[in-house]
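My questions all concern the structure below.
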Amino acid sequence: MPPLFLQQILERLQSVLSPPRAFVPLHEPTLIGNEWQYVKDCLDSGWVSTAGKYVDEFEARLSEYTESQFAIAVVTGTAAVQMCLQMVDVQPDDEVLLPTLTFVATANAVVYLRAIPHFVDSDMKTLGVDPEKLRLYLKDIAALRSGACFNRYSQKRIKTLIAMHTFGHPADLDALQEICEEFHLELIEDATESLGSLYKGKPLGNWGRLSALSFNGNKIVTTGGGGAILTNDPQLAKQTKHLTTTAKMPHRWEYIHDQIGYNYRLPNLNAALGCAQLENILSFLKNKRALAERYQETFSDMAGLQIFKESEFARSNYWLNALILDEAHKSLRDPLLALTNDHAIMTRPAWKLLHTLPMFQNYPKMDLSLTENLAQRLINLPSSANLIGKCLET
Ligand SMILES: *Cc1c(COP(=O)(O)O)cnc(C)c1O
């Protein structure tokens, strides 16, 4: 028999996730709207690939929903992060600050550009980059010369900060933006997990000069695979579109390309799926919030753990719920993962921290003790929009 504490957690999870199911995944898509119809329309019309009306439609709807002036749809969220970095002119050997608590793609995108990931710590309030700790760190390591920031130890330029909104919870963007101004850094948002989340009432993706979204199958809205870049800068939007569509010059028949571009454009089929998904985002958000509240109520009187809750300045999409064990119970994390997965409730720890992965071990980093401690205590819980109530079409 597992310890009573673990047994109680399991029972409470089962009560939230009732009626019992054969298997409860961490996050699955909810396909209850016009998905079939729009995808069928692509097949019927033959417009399945890089041209067609759904890409434009999807971009327009994204831009409207996120209150960003421009949205450029691309093949993956990873490609979107890479393009954000490229468009603020991250050069080989530049350092890019990013949290160690993120999905591997954030750091991979940095290395694709032959730049250097520089890992920073996250705070317990937002699970995003800790602004105060970052400011103190930069005061120590940064040297400002002719409008640019240099690492006085490595002598390399520190170009950019990537703020990632962990599990959908907004990082403290105003504080991070202030730091970026003080130290002449470009701010980019990795908003791949946080479509639908607000910071001080405004959708995420509007603080960075460019921001990245993902529509992978496990995100709140899916296109099968896909991503998008958001920006409010018309010039950057135009260049990003150009670069992600092979840098082809407009011409009736000639194929002329004016630089090395990328074939990153989202296919029409995927955009069709995305259009249908976006039509239901309000109901997904409503259900995910209700589920988060259920988790919070269910565990509110239980000592030894908490369910992570949005900050006072945030309205989270609650993409993934997180259960955080108290210090005294952290040795029970792995037994809890085993017990819940044995009972067909999929749970998992936070990503293995990036600075501990073999390919990132030798990159620069600050003291990461807050994240290291948090990661030992955190477990993600099933969070699909269809787990609670009815997922009604809006
Ligand atoms: C999902 C995700 C990505 C990448 O998205 P893909 O569409 O899977 O390429 C990047 N960063 C973070 C933090 C993510 O969660």
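For ligands, and for the atoms within them, numbers begin at 1 and follow the listed sequence. No hydrogens, no waters, no symmetry mates; every other heavy atom, side chains included, goes into these values. For reference, positions follow the sequence shown, starting with 1. Here the structure is a predicted model, which means the values were calculated and not measured.
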Item to complete: Answer yes or no on whether Lys248 is positioned over the face of Tyr255, meaning its NZ or CZ is under 6.0 Å from the six-membered ring centre and within 45° of the axis.
Response: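 Here Lys248 passes the 6.0 Å and 45° test against Tyr255.
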Donor-acceptor contacts under 3.5 Å from residues 8-17 side chains, at least two apart:
residue : atom : partner : partner atom : Å
Arg12   : NH1  : Thr298  : O            : 3.1
Arg12   : NH1  : Asp301  : OD1          : 2.7
Ser15   : OG   : Arg12   : O            : 2.8

Worksheet item: Honestly, is Lys219 close enough over Trp319, meaning NZ or CZ under 6.0 Å from the six-membered ring centre and within 45° of the axis?
Response: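 Cation-pi check for Lys219 and Trp319: passes.
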Fill in: Face-on cation placement of Arg145 at Phe150 ring, 6.0 Å and 45° thresholds
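Judged by the rule, Arg145 and Phe150 form a cation-pi pair.
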Fill in: Ser214-Thr192 side chain donor-acceptor pair, cut-off 3.5 Å
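Side-chain D/A pair, Ser214 to Thr192: absent.
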Worksheet item: Heavy-atom distance under 4.5 Å between the side chains of Pro382 and Leu387, does that happen here?
Response: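 They are in contact (side-chain heavy atoms under 4.5 Å apart), so the answer is yes.
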For ligand 1, list every N/O pair with the protein closer than 3.5 Å, one pair per line with the distance.
residue  : atom   : partner : partner atom : Å
ligand 1 : 5 (O)  : Ser214  : OG           : 3.2
ligand 1 : 7 (O)  : Gly77   : N            : 2.7
ligand 1 : 7 (O)  : Ser214  : OG           : 2.7
ligand 1 : 9 (O)  : Gly77   : N            : 3.3
ligand 1 : 9 (O)  : Thr78   : N            : 2.8
ligand 1 : 9 (O)  : Thr78   : OG1          : 2.5
ligand 1 : 11 (N) : Asp190  : OD2          : 3.0
ligand 1 : 11 (N) : Thr192  : OG1          : 3.2
ligand 1 : 15 (O) : Glu193  : OE2          : 2.5
ligand 1 : 15 (O) : Lys219  : NZ           : 3.2

